[in-house]
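Note that the structure is a prediction, hence the values are computed from the model and not measured.
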Amino acid sequence: MKILQKDFAINQTGTAKLMAEEPDDVWVLYNLILPGDVVSADTTRKVHHDSSTKKNTASRVKLTLHLKVTCRDFHKDSSTLRLQGRNLHHNQHVAAGSFHTLSLEPNKPFLLRKNLWQNDAVQTLNDTTRKERTKSNSTSIPDLAVVLFHPHRAEIHLVAEGDNTHCTKVEACPNSRKNGKVSSSVFFRRVLAALVKRVDFKVLRGVVVTSEEFRAFVVSEARKMGIRWIEDNKTSVAVVEDGDSLEKVLSDPAVTGLVKDSRVMAFRELWEMVCNDSGRACYGAEEVERAKEMKAIETLLITDDLYRNEEVGTRQRYDGLVKSVKDGGGKALVYSPMHVSASQLSQLTGVAAILRFPLPDLEVQD
């Protein structure tokens, strides 16, 4: 969200010139703009003209509307916020007092006037712009390179703060197979070349592979290829031999310490509690909301699919849940679809919580 201009203070009348930069900013506007607010924005209208040669000719003209908002609708598919209200200022094409609509979307500036800028509205804008500054100042440096081996192919993934990027896939050449098996030296050399091409070893924390044979090959080839990082950090090349998926590899105790991401650590803590039948963990919307009412949530875990759901009512429900947990002093962690723990959290209904104190009877309460 861009604040192009602002002239407001908490609990006072004021204005702000804003512009959404991405679809999520439009959702922020849906919660920020309330009935009674005045929104001024440029739009176009079809105007019909009388002509001596042609009747009912029409053209589109650009004009500015000043709507006192009566209701609003959020459309996630088009990332659009439709505002309905009464036009406050007469112009050549639109009479004062008539009802019209405005559409707000990314990269469309507008002016918002509130009779009372409450603390929640000011905090919403501050939080949004703070997130944008954090994004622009941060660089996504991979923590790990993960090489998964499957029959006749290998996949290379980069993991940065828990988010997975599938870099490339290396297929074994048909002529390198003998008796149904892949000639390891030829195949391994191609996999290592792909890894070196896509990885900056100077910033990497570790490499995880699912083949002990490949690890030995990498260590022996490092000197020939002049890969000093591998020569100097042989212990940072770890092996998880039974790792047939990225999720399984990253949940291995030998690997979790190499990933610098609170979401990975939180999900592992949650999963251990669930497996041990601890009363300090719960999942499912009903159980989590009961725990919230008891102010028992220390850490909320929620998938992006729920938090930014297409259905407005569902989205409001979980948006309110996140806000309530934060207001109560807890943490809320949102898992994007690309996060390595997202699919596992989805299997636990997509929303779960680590509790401050045990609630062993939570699931059987009415």
Side-chain angles (χ1 to χ4, degrees), residues 134-173 176 181-269 335-344:
T134 301
K135 285 181 183 178
S136 62
N137 293 333
S138 65
T139 54
S140 184
I141 300 175
D143 295 320
L144 296 176
V146 180
V147 184
L148 299 177
F149 283 91
H150 305 281
H152 309 318
R153 79 177 193 279
E155 296 175 358
I156 298 175
H157 298 257
L158 294 182
V159 180
E161 296 181 351
D163 288 333
N164 162 43
T165 301
H166 183 189
C167 278
T168 189
K169 179 170 63 175
V170 181
E171 297 278 359
C173 296
S176 68
K181 294 183 178 180
V182 178
S183 175
S184 60
S185 59
V186 176
F187 181 46
F188 284 172
R189 192 167 286 111
R190 293 181 61 228
V191 175
L192 180 57
L195 181 65
V196 171
K197 181 179 179 180
R198 288 166 175 80
V199 169
D200 183 359
F201 286 98
K202 294 179 182 178
V203 300
L204 206 63
R205 301 190 69 201
V207 177
V208 183
V209 302
T210 58
S211 166
E212 180 63 54
E213 187 181 358
F214 179 69
R215 182 190 183 280
F217 177 84
V218 168
V219 172
S220 67
E221 289 289 305
R223 182 172 298 178
K224 299 177 186 177
M225 299 179 66
I227 309 175
R228 289 296 304 273
W229 184 90
I230 294 178
E231 289 189 76
D232 298 339
N233 301 277
K234 295 178 182 179
T235 57
S236 294
V237 183
V239 179
V240 180
E241 288 205 78
D242 61 345
D244 56 0
S245 69
L246 187 63
E247 290 81 6
K248 187 178 289 187
V249 168
L250 294 177
S251 63
D252 189 279
V255 177
T256 51
L258 297 174
V259 182
K260 294 171 60 178
D261 183 28
S262 59
R263 291 170 295 175
V264 171
M265 297 173 63
F267 183 81
R268 186 183 178 198
E269 181 182 358
Y335 290 72
S336 72
M338 294 302 295
H339 195 274
V340 295
S341 301
S343 62
Q344 294 167 297

Test side-chain hydrogen bond (donor to acceptor under 3.5 Å, both in side chains) applied to Glu221 - qualifying residues, sequence neighbours left out = Lys224

Side-chain donor/acceptor of Tyr335 to backbone N/O of Arg263, under 3.5 Å | yes

Separation between OG of Ser211 and CG of Leu148, rounded to the nearest 0.5 Å | 11.5 Å

Shortest non-hydrogen contact from Ile230 to Val219?
-> CG2-CA, 4.3 Å

With a 3.5 Å cut-off and sequence neighbours excluded, list the donor-acceptor pairs that the side chains of residues 187-199 form with protein atoms.
from	atom 1	to	atom 2	distance (Å)
Arg190	NH1	Glu171	O	2.4
Arg190	NH2	Glu171	O	3.4

Taking the side chain as C-beta and beyond, is there a heavy-atom pair between Glu231 and Met225 under 4.5 Å?
-> no

Looking at CD of Glu155 and OG of Ser245, how far apart are the two atoms once the value is rounded to the nearest 0.5 Å?
-> 10.5 Å

Contacts of Glu213 that satisfy salt bridge (charged side-chain N to carboxylate O under 4.0 Å, His left out) - sequence neighbours left out | none

CG-CG distance between Leu144 and Leu204, expressed to the nearest 0.5 angstrom = 7.0 Å

Phe267: ring pair (Phe, Tyr, Trp, His ring centres under 6.0 Å) partners, not counting sequence neighbours | none

All side-chain contact (heavy atoms from CB on, under 4.5 Å) counterparts of Ser343, not counting sequence neighbours = Glu247

Hey, does the side chain of Thr168 reach the backbone of Ile156 with a donor-acceptor pair shorter than 3.5 angstrom?
-> no

Approximate separation, where rounding is to 0.5 Å, of Gln344 CD and Arg268 CZ = 12.0 Å

Using the test side-chain contact (heavy atoms from CB on, under 4.5 Å), find all partners of Asn233 that sit at least two apart in sequence or belong to another chain.
-> Trp229, Ser236

